[in-house]
Enquirer: 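Got a structure for you, written out below as structure tokens; questions coming shortly.
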Amino acid sequence: MSILAFILFLIVAATCAWIAERFVPGNVPGGFFASAIVGIIGAWIGGSLLGPIGPDLAGISLIPCILGSAILVFGVAVLSRAVRRKSA
């Protein structure tokens with residue numbers, strides 16, 4: 001993977017994370033940047049597990065990236081709520 005392809009992946013994955021965050025109830029602590037990092041990891045996992053399904057942008061399948069990001073963002077939001085409740 002070239003550096004340009006990696007930068008495009010980060011941009012597309014961060015956008016997918018932003019879209020996924022709009023679908024998921026709750027907030028990820030740390031704001032947009034923490035959400036973008038979690039979304040990028042989720043997009044990578046979703047793209048790896050589901051493969052090339054649906055439309056792609058710069059060689060990155062959008063549907064698996066959005067699904068992977070949404071699942072990981074949801075998991076982090078649930079875990080952060082559980083930790084906040086336990087500490088309060």
Side-chain angles (χ1 to χ4, degrees):
M1 177 183 282
S2 69
I3 191 73
L4 182 60
F6 182 69
I7 291 171
L8 284 173
F9 174 77
L10 291 179
I11 292 169
V12 171
T15 305
C16 289
W18 179 77
I19 293 168
E21 189 180 16
R22 298 296 164 235
F23 290 122
V24 174
N27 291 337
V28 174
F32 173 74
F33 291 111
S35 173
I37 291 171
V38 170
I40 289 169
I41 294 168
W44 178 70
I45 292 171
S48 297
L49 291 177
L50 297 176
I53 299 173
D56 65 359
L57 181 64
I60 302 161
S61 297
L62 297 178
I63 293 174
C65 287
I66 292 172
L67 289 175
S69 296
I71 291 169
L72 201 60
V73 166
F74 177 73
V76 169
V78 168
L79 286 175
S80 69
R81 270 185 277 169
V83 168
R84 275 189 258 148
R85 283 186 190 154
K86 198 172 205 179
S87 66

Enquirer: Do you know which two heavy atoms are closest between P52 and S61, and how far apart they sit?
Expert: CA-OG, 3.1 Å

Enquirer: Go through the structure and list residues passing side-chain contact (heavy atoms from CB on, under 4.5 Å) with I45, not counting sequence neighbours.
Expert: I41, L49

Enquirer: Who else is in L67's hydrophobic cluster (ILVMFWY, side-chain heavy atoms under 4.5 Å, direct or via others)?
Expert: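 Reading the cluster by chain and number, L67 sits alongside L50, I53, I63.
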
Enquirer: Donor-acceptor pairs under 3.5 angstrom involving side-chain atoms of residues 68-78: please list them, not counting sequence neighbours.
Expert:
{"unit_1": "S69", "atom_1": "OG", "unit_2": "G39", "atom_2": "O", "d": "2.8"}
{"unit_1": "S69", "atom_1": "OG", "unit_2": "C65", "atom_2": "O", "d": "2.8"}

Enquirer: To check you understand the geometry: which heavy-atom pair defines the closest contact between G46 and P64, and what is its length?
Expert: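 G46 and P64 have their closest heavy atoms at O-CB, 3.4 Å.
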
Enquirer: Are L79 and I37 co-members of a hydrophobic cluster defined by side-chain heavy atoms under 4.5 Å apart?
Expert: no

Enquirer: State plainly whether one hydrophobic cluster holds both W44 and F6, where clusters connect Ile, Leu, Val, Met, Phe, Trp and Tyr through side-chain heavy atoms under 4.5 angstrom apart.
Expert: yes

